[in-house]
Every structure is written in structure tokens, then in C-alpha cells.
Amino acid sequence: MNHSIGIIGSGLVGSAAAYLLTLLPGGGDVILVDIDQERAQAEAQDIAHAAAFGIGWHIRAGTFEDLAGADLVVITAGVSLKPGQTRLDLARSNTHIVTSITEQILRYAPDTLLLLATNPVDVMPAVLVERFGLPVGRVIGTGCALDSARFRERLARYLNVAAPSVSAYVLGEHGDSEVLHWSAVHVADIPLLHFARSIGRPVDAEIRDTITREVRTAAYRIKEGKGVSNFGIGGCIARLARAIMADEQVVFSVSTYLDNVLDVERTCISLPHVLGRNGASRPILPELDADERAALQSSARIMQQAIAASLAS
């Protein structure tokens, strides 16, 4: 079966996602849609030349009409972070942009799954579910999937092991209130503290604080150095898209709209979900220690307030 994926926005994030998707197994059609059609055409052609070295992926530029029958549409378009801003500062402007884009998508692809990467990425799924009445599992924010990868990479580097050996997740907001789920980290199915002591690389409070800070501020530091963070989120989008299209039933920490979590209503935070062809499963609330539970509840409240403000705008 030939899969079709639309990517709205052919800027640095959308084009990186399209390119990195062509490096993954599988295949199908990828359609780049952008208000700047000349840019979309150029990016599609350039990526198609790279994809020609592989097999199975066909990249082209198109319009919203070309999304008819798309299995998945990724939204990357929106205003980007400027120095000194947080992701939540973008809520008002990007809510209007994403809402307008979604109206066009649903006109031509009413049954598609939506994967959102526009910041604040935990506000957007809630806005779309509320405004368009879409099923919760069909509207997915990339959420903390990228933060979780950053967590695994940074911890693996400290332990001198390969990142796939580390099982670690980030929960909550994709932003300043995110919660690194330290209490559940395992390395090769061994609890972190035991593994770290065994190899002579203990993880004390100072190391935890350092890694937490570096993971939480990674995007800000990357933007300071190069102006944009695009490859990490591009890889994240590509990997999530592949999991959905191939019906992998793999667990990722992504964000979906929640009626109630930890006694916080109408919020949207990242929790583990199983991803497959039907979208995201119901979220799974993992076991948390007392500090993690309080931090996650606080993160949920922050997102609740941001969502309410965006819906009122």
C-alpha cells in the first residue's frame, strides 16, 4: 500500500523532516505544502535528488488539494522562537496560523491523522480538538519525544554507552516545565543507579541537575549557536511518522489533549503513548515519585492556562 504524508511548511524544520524521512525504511509519497510555492518546489526537488539514492520515497511540492487521501499530515508552519522568547510566547500568533491551516487540511483530507510540531506544541492539539471536534488520538503533538531523545543521548554520553541502551522519558510540557522521569530510567534493563555504580560512573544530585538543565535548555543553546533547531525536531517528526505509517505500536512520549490528569482538567502534556496506524493510544501515566508527581501536575496546570488563553484568543 502506498502511503501519503503531507508536510505543511517547507522551511528548515519541514524540509529537514522530509529529508530525514527518506532515510528511513519504507516508502510512499511526501507532499510539501507552503505559502511560498517556489520554496516548496525547490526543497522538494532537492530532497527528491537525495531520495533517488535510496528506494521507495517520492517527494513533490503540492497544494492543500493534493492532500486528499493523505494518511498523515504534519504541521510545521508558524512563527519561530526569537531570542529571549519561550515557546508559550508564540501561542497567540501560532494558534491562528495552525487553525487556518487545519481548516484547509480537513477540507481535503477529513480523515487524516495530524502530527503537530508548531510551538507551543502542547497547546496546538488541544486547540484543534476543541475547535474542530476531532478525536483525541488523531491529533498528536511531537511533545517530549525530542526531549526524551535528548535525555537518552546526554545520559548515554555520560555513561559511555550507546543511546539505544538507555530507556528514559521526559514528561509534561515540551518546554521550561518539562519533567525528566529520573526514577524510571534503566540501562539495558538495569536500574540507572545500579548500572552507573557498577561502571564507576555514579549519577549523583549534581550530575542529575546538570543533565536536567542541559536537556531542558538544549533548544535555546542550539538557537544561540546556529539560529534554528531543525535537525533534532526533523528527525523526531520523521521517526514518529514512520511509527504511525508502519503501524509499529512503539511507545513515545507525545502530547494529546487530556480531559483530566492528576486532577488538572482540559490540559495537554506529554505522556507515553503507543503509536500506530490509528494514531495515538490513550496516554499511560507512569509511576512517579513524589517530586515528579508534583512537578508534572504543575506542568499540566501551566499548559491548562496556556490552552485556555489560546482558545479565548
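Residues take their numbers from the sequence shown, with the count starting at 1. Reckoned from all heavy atoms, side chains included, excluding hydrogens, waters and symmetry mates.
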Can you list the residues that meet the salt bridge (Lys or Arg N to Asp or Glu O under 4.0 Å) rule with Arg107, with sequence neighbours excluded?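 Per chain and number, Arg107 pairs via salt bridge (Lys or Arg N to Asp or Glu O under 4.0 Å) with no residue.
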
Let me see the working for Asp147 and Arg216 under salt bridge (charged side-chain N to carboxylate O under 4.0 Å, His left out), right down to the final yes or no. CA-CA 8 Å; Asp147 307 88; Arg216 189 171 287 153; over 6 Å; no

Could you walk me through whether Ile233 and Thr76 pass the side chain to side chain contact (heavy atoms under 4.5 Å, CB included) check? CA-CA 10 Å; Ile233 187 58; Thr76 71; over 6 Å; no

Is Arg239 salt-bridged to Glu248, cutoff N-O under 4.0 Å?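 Result for this pair is yes, salt bridge flagged.
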
State, with a plain yes or no, whether a side-chain heavy atom of [X] is found less than 4.5 Å away from one of [Y].
X      : Y      : answer
His58  : Val30  : no
Ile237 : Leu115 : yes
Asp122 : Ser270 : yes
Leu296 : Leu271 : yes
Ile59  : Thr22  : yes
Val264 : Gln297 : yes
Leu146 : Val170 : no
Ile140 : Ile244 : yes

For [X] and [Y], which I'm curious about, is there any donor-acceptor pair between the side chains at under 3.5 Å?
X      : Y      : answer
Ser299 : Glu178 : no
Thr99  : Arg131 : yes
Thr212 : Asp209 : no

What do you reckon, is [atom1] of [X] surrounded by more than 12 foreign heavy atoms closer than 6.0 Å?
X      : atom1 : value
Arg266 : CZ    : no
Gln37  : CD    : no
Glu265 : CD    : no
Phe231 : CZ    : no
Asn278 : CG    : no
Ile35  : CD1   : no
Arg221 : CZ    : yes
His194 : NE2   : no

Quick one, Phe151 with Trp182, criterion ring pair (Phe, Tyr, Trp, His ring centres under 6.0 Å). Give me CA distance, side-chain angles, the key distance, then yes/no. CA-CA 10 Å; Phe151 188 15; Trp182 281 101; 4.9 Å; yes

If we ignore hydrogens and angles and just use 3.5 Å, is the side chain of Asn94 paired with the main-chain N or O of Asn119 as donor and acceptor?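 Side chain of Asn94 to backbone of Asn119, a donor-acceptor pair under 3.5 Å: yes, one is there.
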
Backbone N/O of Glu206 and side chain of Thr210: donor-acceptor pair under 3.5 Å: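 The answer is yes, because a donor-acceptor pair under 3.5 Å joins these two groups.
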
Side chains of residues 157-169: which donor-acceptor partners sit under 3.5 Å, not counting sequence neighbours?
from, atom 1, to, atom 2, distance (Å)
Arg157, NE, Glu153, OE2, 2.9
Arg157, NH2, Glu153, OE1, 3.3
Tyr158, OH, Pro202, O, 2.6

Positive for side chain to side chain contact (heavy atoms under 4.5 Å, CB included) with Pro125, one of Leu258, Val98, Val139: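 The passing option is Val139.
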
Using the rule given for side chain to side chain contact (heavy atoms under 4.5 Å, CB included), can you reason through Arg138 versus Leu114, listing the C-alpha separation, both sets of side-chain angles and the distance that settles it, and then say yes or no? CA-CA 6 Å; Arg138 278 181 49 199; Leu114 295 173; over 6 Å; no

Starting from Leu134, can I reach Val136 by hopping between I/L/V/M/F/W/Y residues whose side chains sit under 4.5 Å apart?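 Shared cluster, yes.
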
Can you hop from Val74 to Leu67 via hydrophobic side chains spaced under 4.5 Å?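 No, Val74 and Leu67 fall in different hydrophobic clusters.
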
Show your reasoning for whether side chain to side chain contact (heavy atoms under 4.5 Å, CB included) applies to Thr142 and His174. CA-CA 9 Å; Thr142 55; His174 171 59; 5.7 Å; no

Checking side chain to side chain contact (heavy atoms under 4.5 Å, CB included) for the pair Ile269/Thr256: CA distance, chi angles, key distance, verdict? CA-CA 7 Å; Ile269 57 172; Thr256 59; over 6 Å; no

Shortest non-hydrogen contact from Leu20 to Ala238?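 For Leu20 and Ala238, the tightest heavy-atom pair comes out as C-CB, 3.9 Å.
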
Could you walk me through whether Tyr19 and Glu43 pass the side chain to side chain donor-acceptor pair (under 3.5 Å) test, one step at a time? CA-CA 9 Å; Tyr19 168 65; Glu43 291 288 2; over 6 Å; no

